[in-house]
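Values reported hereafter were calculated over all heavy atoms of this structure, with side chains retained and with hydrogens, waters and symmetry mates removed.
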Amino acid sequence: MKLLKSITRPAVLAGAVVAFTAAGCAAMMSAATVSQAVNMFENGQATGGVPLTVDAKGPVAITDGVELQGFAFGTYDVDATANSITMTLVAQLENLQITNYDATTFDRYYFAFDSKVRSASISPMSDPNFSATVEVLRPGTQVTAAGAFVDGLGTDFTFDKGGILVTIGEGTDLTKISENGGSLTVNF
């Protein structure tokens, strides 16, 4: 038994050192900047079924505060951390053309960071009235909108280090989300 203890203790200690080192490496790969944030909206009637650029911002340093207040024409406050994005609905609903998303409605949010994103998922803490998906963008992904809601906004975007795409679509009810003070969180 004494021999087993003398072998087990160093093995456990070595395992703890490896785990701590791996956690430290993962932390070093965390984002410190939202290098680019782009919103495109598409609806069968309002945009003729083509995506239009609504908003584009960046780069923005990730801090303890909200990084993108009133993003997408005052629709969301976007709060970033080193490994998540939280979009909190802040819009006055009477200012929005569409609050219930049908099969022709897509609200796409592209977020790029100063480090490569390897995986992403929607947090279970998100308001259930969001019908949303998230996907990881490969480095070099290019996205083009058919136009922009505001003169001067870009329509061509390249995500050099990749990033994430959050698509809010059919079944989303902004009225219920607003009543709940709801938000959508993506962990990466």
Side-chain angles (χ1 to χ4, degrees), residues 31 34 36-58 66-81 83-113 117-150 153-159 162-188:
V34 177
Q36 188 171 211
V38 177
N39 172 228
M40 292 184 189
F41 183 77
E42 176 180 339
N43 174 267
Q45 291 181 348
T47 71
V50 298
L52 297 179
T53 304
V54 174
D55 205 350
K57 302 273 192 262
V66 173
E67 283 69 26
L68 299 166
Q69 287 188 313
F71 189 63
F73 280 167
T75 306
Y76 293 98
D77 278 351
V78 179
D79 186 18
T81 69
N83 55 13
S84 71
I85 289 278
T86 298
M87 301 169 55
T88 302
L89 183 65
V90 295
Q92 300 297 317
L93 296 186
E94 60 271 8
N95 296 334
L96 300 178
Q97 271 188 319
I98 297 165
T99 57
N100 290 307
Y101 289 30
D102 64 16
T104 70
T105 306
F106 301 96
D107 210 357
R108 294 181 179 97
Y109 293 86
Y110 299 85
F111 296 101
F113 306 93
V117 175
R118 301 193 189 294
S119 65
S121 62
I122 295 176
S123 169
M125 299 301 292
S126 297
D127 189 300
N129 294 293
F130 278 107
S131 179
T133 60
V134 63
E135 63 185 88
V136 175
L137 301 173
R138 291 189 330 250
T141 295
Q142 296 180 331
V143 178
T144 301
F149 277 101
V150 177
L153 273 178
T155 56
D156 295 307
F157 304 93
T158 301
F159 300 91
I164 60 171
L165 165 60
V166 178
T167 302
I168 301 171
E170 181 179 14
T172 296
D173 185 343
L174 297 182
T175 302
K176 290 181 181 175
I177 294 167
S178 180
E179 288 169 0
N180 295 340
S183 62
L184 172 72
T185 298
V186 174
N187 299 315
F188 53 86

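Remark: the backbone N or O of G171 is not paired with any side-chain donor or acceptor of S131 at under 3.5 angstrom. With S126 contributing its side chain and T185 its backbone, the two residues share a donor-acceptor pair below 3.5 Å. At least one donor-acceptor pair closer than 3.5 Å links the side chain of T53 to the backbone N or O of G154.
The closest side-chain heavy-atom distance from V38 to V143 is not below 4.5 Å. Counting heavy atoms from C-beta on, the side chains of N95 and T75 never come closer than 4.5 Å.
Of the candidates V166, D107, I168, I168 is the only one forming a side chain to side chain contact (heavy atoms under 4.5 Å, CB included) with F130. Applying side chain to side chain contact (heavy atoms under 4.5 Å, CB included) to L68 and the options D79, D77, V78, N39 leaves one that passes, V78.
Two rings, from F113 and F188, have their centers less than 6.0 Å apart. In summary, the aromatic rings of F157 and Y110 are positioned with their centroids too far apart to meet the 6.0 Å limit.
Atom CG of D127 is separated from atom CE of M87 by 12.5 Å, given to the nearest 0.5 angstrom. Atoms CD and OG1, on E94 and T99 in that order, are 11.0 Å from each other to the nearest 0.5 Å. Interatomic distance, L93 CG to E179 CD, rounded to the nearest 0.5 Å: 8.5 Å. In this structure, CG on N129 lies 12.5 Å from OH on Y101, to the nearest 0.5 angstrom. Rounding to the nearest 0.5 angstrom, the gap separating the OG1 atom in T105 from the CD atom in Q45 is 9.0 Å.
At a threshold of 4.0 Å, the pair R108-E42 counts as salt-bridged, since one of the basic side-chain nitrogens sits closer than that to a carboxylate oxygen.
Summarising the geometry of V186 relative to I164, their closest heavy-atom pair is CG1-CD1, 3.8 Å, with the distance given to 0.1 Å. Nearest heavy-atom pair across S178 and L89 is N-CD2, 3.7 Å. A80 approaches E67 most closely through the heavy-atom pair N-OE1, 2.7 Å. Residues A148 and L52 share a closest heavy-atom pair of N-CD2, 4.2 Å. Across all non-hydrogen atoms, the minimal contact from F159 to A112 is CD2-CB, 3.6 Å. The heavy-atom pair separating A91 from L96 by the smallest distance is CB-CD1, 3.9 Å.
Below 30°, between 30° and 60°, or above 60°: for F149 and F73 the angle between ring planes is above 60°, a perpendicular geometry. By the 30° and 60° cut-offs, the orientation of the rings of Y76 relative to Y109 is perpendicular.
Looking only at atom types and distance, the side chain of N187 has no donor-acceptor partner in the side chain of S84 under 3.5 Å away.
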Next item on the list: Could you give me the CA-CA distance, side-chain angles and deciding distance for D102 and N43, then say whether side-chain contact (heavy atoms from CB on, under 4.5 Å) is met?
Entry: CA-CA 8 Å; D102 64 16; N43 174 267; 4.0 Å; yes
Check: Between T172 and L174, does a side-chain contact (heavy atoms from CB on, under 4.5 Å) hold up when you go through it step by step?
Finding: CA-CA 6 Å; T172 296; L174 297 182; 3.9 Å; yes
